[in-house]
Amino acid sequence: VVTWNAILSAYARHGHAAKAIALHNSMPEWSVVTSTVVLTAYSQEGRINDAELLFHRMPTSDVVSTTAMLSAYAQSGHILKAKRLFERMPEWNLVSWNVMLAAHTQSFHSLEAKSLFKSMPVVDLVSWNVILNGSSLEEARQVFEVMPERNIVSWNTLLSSFAQHGHLEEAKQIFSAMPEHDLRAWNSILSGSANFENFREILRLFGAMPARDLISWTVLLAANFQNGFVDRATKILERMEQRDLVAWSVMLAGLAHSGYFHRAIETFHSIKTTSTPDETCFVLALLACGHAGRVYDGVRCFVSMSLDFKTRPSKHHYTCVVDMLGRAGHLEDAHDLVSSMPFAPD
RNA sequence: GCCGAUCUUGGCG
């Protein structure tokens, strides 16, 4: 079991949560550790219901598995469930406290986070990093100064706060002051520049990077679209050695944003041949169909979501289709869809 | 003694 678990967690840790989930069925024996790894994998895949089901079916649970469930709730935005579980836990440790802390900052409840932080029996560097991450720009500087120690995560957190808000001068100062630069740091600066600086600067940074990963390439792809270089962007995507759904949706969004609705729809069809589109891809495809006036394709896409891909259409998807039908003058169909959808119309 | 949970980078909203 120990060996199997090690393999499972190796998959999960390298971003292959789906493989870990698939693999665990063929294991001869299970332990709490197995369930915890799979629970975390479900959470990474956004399958919160499966995580919950697994958790409730576990023959035994301990602090670690309960904390994993807590984290799954927190990451999926179920803060109330997280709170309830936290209160019912038989024992707490530093990690479970940190998870609750992060649950609050991720929901922007910074006051609650602060009071929780103050009430914690012990705090460590992770707790400080969570607080740093939940701080406003002005506070972040102070928190960073006051922290008893800092690591690369602290530096990256500070850096990305400034970079994401367009304070690039300060971000660059922080970058130069950092003891070391990992890919995350480079990517933070790159994406900050992509959103707030001119295109030459992005190219310069991209060229200056000691290494590039899928995220770096995706940022470059998006930057090309933002600057109107549609053909360059297309070539970049073709030459990327890996493409995930984020890269594909940047492509879809970029094409649609530039008015190439038909090319976006073609792209969507080619995505389907190699991967399972996620909710964002479907939204973008439906929007493209709507703008291109391709009602038939849009409806087919919408139907195939649940039929072929087992993806439950969200309210957002319904809105796209209703909008598409409305624009095309199919008012009755639009109305029928609104009355048949499992959401309250808004 | 060995395997599992928490913090930092890219897409639509």
Side-chain angles (χ1 to χ4, degrees), chain A residues 1-10 12-13 20 30-41 43 55 61-72 74-75 93-103 105-106 123-134 150-161 163-164 178 181-192 194-195 212-223 225 243-254 256-257 277-288 314-317 319-320:
Chain A
V1 212
V2 173
T3 316
W4 277 98
N5 289 339
I7 297 170
L8 272 194
S9 73
R13 233 180 300 120
W30 284 45
S31 72
V32 210
V33 175
T34 317
S35 308
T36 309
V37 176
V38 176
L39 199 161
T40 307
S43 170
F55 182 68
S61 64
D62 58 10
V63 218
V64 177
S65 57
T66 310
T67 306
M69 189 65 238
L70 198 64
S71 172
Q75 281 170 355
N93 62 18
L94 187 50
V95 176
S96 36
W97 283 98
N98 283 339
V99 171
M100 269 323 283
L101 198 60
T105 61
Q106 280 155 18
V123 298
D124 66 357
L125 183 51
V126 172
S127 332
W128 277 103
N129 285 337
V130 173
I131 287 295
L132 179 67
N133 192 29
R150 300 154 196 94
N151 62 5
I152 181 94
V153 174
S154 331
W155 280 100
N156 284 342
T157 304
L158 187 71
L159 173 66
S160 85
S161 307
Q164 284 176 345
M178 290 171 70
H181 299 142
D182 63 3
L183 252 177
R184 287 183 136 102
W186 278 102
N187 286 336
S188 277
I189 281 276
L190 187 70
S191 96
N195 291 321
R212 297 158 196 98
D213 65 1
L214 179 56
I215 294 184
S216 330
W217 283 99
T218 307
V219 173
L220 184 71
L221 184 69
F225 276 120
R243 290 169 212 106
D244 64 1
L245 288 175
V246 176
W248 280 118
S249 40
V250 168
M251 189 69 200
L252 288 178
H257 183 80
D278 65 3
E279 294 198 359
T280 299
C281 290
F282 276 109
V283 168
L284 293 168
L286 291 172
L287 285 173
S314 71
K315 195 169 184 173
H316 202 158
H317 298 105
T319 309
C320 293

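- Evaluation of the side-chain contact (heavy atoms from CB on, under 4.5 Å) rule for A:S127 yields A:L94, A:N98, A:L101, A:F117, A:M120, A:V123, A:D124 as partners, not counting sequence neighbours.
- In terms of the side-chain contact (heavy atoms from CB on, under 4.5 Å) criterion, residue partners of A:D278 (sequence neighbours excluded) are, by chain and number, A:L245, A:T280, A:C281.
- Counting non-hydrogen atoms under 4.0 angstrom, A:D244 reaches a base of the nucleic acid.
- Heavy atoms of A:L245 sit under 4.0 angstrom from at least one base atom.
- Among the protein residues, A:V99 comes within range of the sugar-phosphate backbone only, with heavy atoms under 4.0 Å from sugar or phosphate atoms but none that close to a base.
- Heavy atoms of A:Q164 sit under 4.0 angstrom from primed sugar atoms or phosphate atoms, though from no base atom.
- Under the side-chain contact (heavy atoms from CB on, under 4.5 Å) criterion, A:N93 pairs with A:V63, A:V95, A:S96, not counting sequence neighbours.
- Proximity of a side-chain donor or acceptor of A:S161 to a complementary backbone N or O of A:T157 within less than 3.5 Å is detected.
- A stem is defined here as three or more consecutive Watson-Crick or G-U pairs, each with both distances under 3.5 Å; RNA chain B has none.
- No engagement by A:S216 is indicated, since no non-hydrogen atom pair under 4.0 Å with the nucleic acid exists.
- Looking at heavy-atom distances under 4.0 Å, A:N93 makes contact with a base.
- No more than 12 heavy atoms of other residues, nucleotides or ligands shown are found within 6.0 angstrom of CH2 on A:W217.
- When heavy atoms are screened at a 4.0 angstrom cut-off, A:R212 is found touching no nucleic acid atom at all.
- Backbone-only engagement by A:V250 is indicated by non-hydrogen atom pairs under 4.0 Å involving sugar-phosphate atoms exclusively.
- Heavy atoms of A:D278 sit under 4.0 angstrom from at least one base atom.
- Every residue two or more places apart in sequence or in another chain was checked for a ring pair (Phe, Tyr, Trp, His ring centres under 6.0 Å) with A:W4, and none qualifies.
- For RNA chain B, the span of nucleotides reached by chain A at under 4.0 Å from its heavy atoms goes, 5' to 3', from B:rC2 to B:rG13.
- The side chain to side chain donor-acceptor pair (under 3.5 Å) search around A:D62 returns A:S65, not counting sequence neighbours.
- Using a 4.0 Å heavy-atom cutoff across all strands shown, A:A247 reaches at least one base atom of the nucleic acid.
- Judged as a side-chain contact (heavy atoms from CB on, under 4.5 Å), and not counting sequence neighbours, the contacts of A:S35 are A:W30, A:M58.
- In this structure, A:D213 reaches neither bases nor backbone, as no heavy-atom distance under 4.0 Å exists between it and the strands shown.
- Here A:Q75 lies in heavy-atom contact (under 4.0 Å) with sugar-phosphate atoms only.
- Residues that satisfy the ring pair (Phe, Tyr, Trp, His ring centres under 6.0 Å) test with A:W248, not counting sequence neighbours, are absent from this structure.
- Within 4.0 Å of A:V2, counting heavy atoms only, lies at least one base atom of the nucleic acid.
- Across all strands shown, A:T280 has heavy atoms under 4.0 Å from base atoms, whether or not it also approaches the sugar-phosphate.
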